[in-house]
Amino acid sequence: MASHQLLSVPHFSLLPKVSPFHPPFLSTPRKLSLFHSTTCSPLQSSPNSRITNLQAVTNTCSETESNAPTETTALTLRNICQGFVPEHILHRQALMEEIGFVFPTDIQREALPTLFTGRDCILHAQTGSGKTLTYLLLILSLINPQRSSVQAVVVVPTRELGMQVTKVARMLAAKSTDAEVKGCTVMALLDGGMLRRHKSWLKAEPPAIVVATVASLCHMLEKHILRLDSVKVLVVDEVDFLFYSSKQAGPVRKLLTSFSSCDKRQTVFASASIPQHKHFVHDCMQQKWTKRDVVHIHVSAITPMPLCLLHKFVVCGKKNKHQVLLALLESDAPESAIIFVGEQSEKSKKAGNDPSTTLLIEFLKTSYDGSLEILLLEEDMNFNSRAASLTEIRQGGGFLLVSTDIAARGIDLPETTHIFNFDLPQTATDYLHRAGRAGRKPFSDRKCIVTNLITSEERFVLQRFENELMFSCEELMF
Ligand SMILES: Nc1ncnc2c1ncn2[C@@H]1O[C@H](COP(=O)(O)OP(=O)(O)OP(=O)(O)O)[C@@H](O)[C@H]1O
């Protein structure tokens, strides 16, 4: 039933030369049908399901382009979840309907029926496509609020993404107004948090859901303060990022194999980019990160980036980049924008230079006279300042966020209309995630703009990203 079985996916690569999932000597798995055995959906179990599904896939593609649910896809989120997600949560979801969560996004419509059957899944869908709600609805369908044990764990790469996921989980899982129904507790076990307080909490009354960064989670597991015996579902969000991270890949693998067994839990991986996904699926089974019948649900395989994004570039010299950015801010008048800046090299740090982020912030504070609030987010800031920047943004009002790639993964600021790559990202995958911080209103027709400030020598790098990600970039003349 999943779209990957039916769409012929053109070959494209978001890859570095060697995949961390797959040693180069391992040949491409031949029996792909093994991984992709047909999923029986409770909603589409007619004998014609393959044809129905093929139609659904066709509709999915055209719907993505028009952004409007058609009659054939007018199934609501409530329809899909009924019988699986408890009624009081669906009632809460009715509250969400008031803010626009009526129809499922493509990934929600494709994945939820499969997830509710208990199958392990790899959710592979564009940025801003609603993967978070997809896995949270699965979690809420499985946990029993009466039981005092950790029943679901969501692993995320950064504290910022963890706070965001926790907020949505708490909103969905909160105690119902009906006093009979107990709410589920959600713990944010994140780097920079108060581990001592969390230890007492875990011992006294374990929360039902834990949203965790890898290091904090492994710390609790190694100290035997947290156990995964009663975990029914383990989600790894931004899975490719975690597997590529030199620091986090080892602990994530350990988490998936040593601290718990894939046979005893449902495993869900999510990302907008799964490089060499066929190899990854193969490795999932071989390494026992998932069960053997894992399903790879790949939505919008032929358009890896949202179609509402328009891509542009300006060729300029390194010395006048600040002025060009200022001119762009004046001409484009974004409602809110993220300006991505490359990380400072070790060499530049040793030489005592100021980081580009600081220089840019100082420039904007003295030269930009628009109404947007200028904020900074980067790894080197302490956790409190990082949290303060995001809290300020979420309080409303337009913003100009100057950030390194720390804001590139998962961060959901739906008011962002413009992305500026002040420095080009290092890989096509990074480009996809940076660009995907805009265009995050699933059913909106609104176009958002991604503008790249490049030197003439960098034109070929951008061209490579265009080829890999299948988009085209329009040149702006200044
Ligand atoms: N069914 C829905 N209807 C309307 N909006 C939705 C729906 N589901 C999710 N959203 C909204 O879409 C936005 C993007 O969702 P989410 O953060 O889950 O994206 P994602 O797929 O995880 O993206 P990324 O890969 O960038 O992390 C959020 O603001 C969320 O509230």
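Heavy-atom basis, side chains included; hydrogens, waters and symmetry copies ignored. Indexing begins at 1, ligand by ligand and atom by atom, following the structure's order. Only a predicted model underlies this, so the values are computations on that prediction, with no experimental measurement involved. Residue numbers run from 1 in the order of the sequence given.
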Partner of Arg409 by side-chain hydrogen bond (donor to acceptor under 3.5 Å, both in side chains), out of Asp237, Thr127, Asp240: Asp240

Nitrogen or oxygen atoms of Thr127 and ligand 1 under 3.5 Å apart: no

Considering only NZ, NE, NH1 and NH2 on the basic side and carboxylate oxygens on the acidic side, decide whether Arg464 and Glu458 come within less than 4.0 Å. no

Taking the non-hydrogen atoms of Glu238, is any one of them nearer than 4.0 angstrom to ligand 1? yes

Backbone, side chain, both or neither: what part of Phe103 comes under 4.0 angstrom of ligand 1, heavy atoms only? backbone

State whether Asp293 and Arg119 are salt-bridged, where the test is any N-O pair (Lys NZ or Arg NE/NH1/NH2 against Asp/Glu carboxylate O) under 4.0 Å. yes

As an exercise, identify every atom of ligand 1 less than 4.0 angstrom from a heavy atom of Thr132. 16 (P), 17 (O), 18 (O), 22 (O)

Do any nitrogen or oxygen atoms of Gly128 come within less than 3.5 Å of a nitrogen or oxygen of ligand 1? yes

Look only at interatomic distance and state if Asp412 has a nitrogen or oxygen under 3.5 Å from any nitrogen or oxygen of ligand 1. yes

Are a donor atom and an acceptor atom from the side chains of His433 and Ser273 found within less than 3.5 Å of each other? yes

Taking heavy atoms and a distance under 4.0 Å, where does Ser129 meet ligand 1: side chain, backbone, both or neither? both

Numbering as shown, the atoms of ligand 1 that approach Leu77 to under 4.0 Å (heavy-atom distance): 1 (N)

Pick from Arg440, Lys441, Arg446: which one makes a salt bridge (charged side-chain N to carboxylate O under 4.0 Å, His left out) with Glu415? Lys441

Does any donor atom in the side chain of Gln126 or Ser129 lie under 3.5 Å from an acceptor atom in the other side chain? no

For ligand 1, which atoms sit closer than 4.0 Å to a heavy atom of Pro414? 29 (O)

Could you check whether the rings of Phe269 and Phe280 sit parallel, tilted or perpendicular, using 30° and 60° as the cut-offs? tilted

Taking the six-membered ring for Trp, are the ring centroids of Phe471 and Tyr431 within less than 6.0 Å of each other? yes

Met220 CE: over 12 foreign heavy atoms closer than 6.0 Å: yes

Hey, is ligand 1 close enough to Gly130 that some N/O pair sits below 3.5 Å? yes

Identify, by atom number and element, the atoms of ligand 1 in contact range of Arg437, meaning under 4.0 Å from any of its heavy atoms. 26 (O)

Ligand 1 versus Arg409, non-hydrogen atoms closer than 4.0 Å: side chain, backbone, both, neither? neither

Using non-hydrogen atoms of the residue, decide whether Gly436 is closer than 4.0 angstrom to ligand 1. no

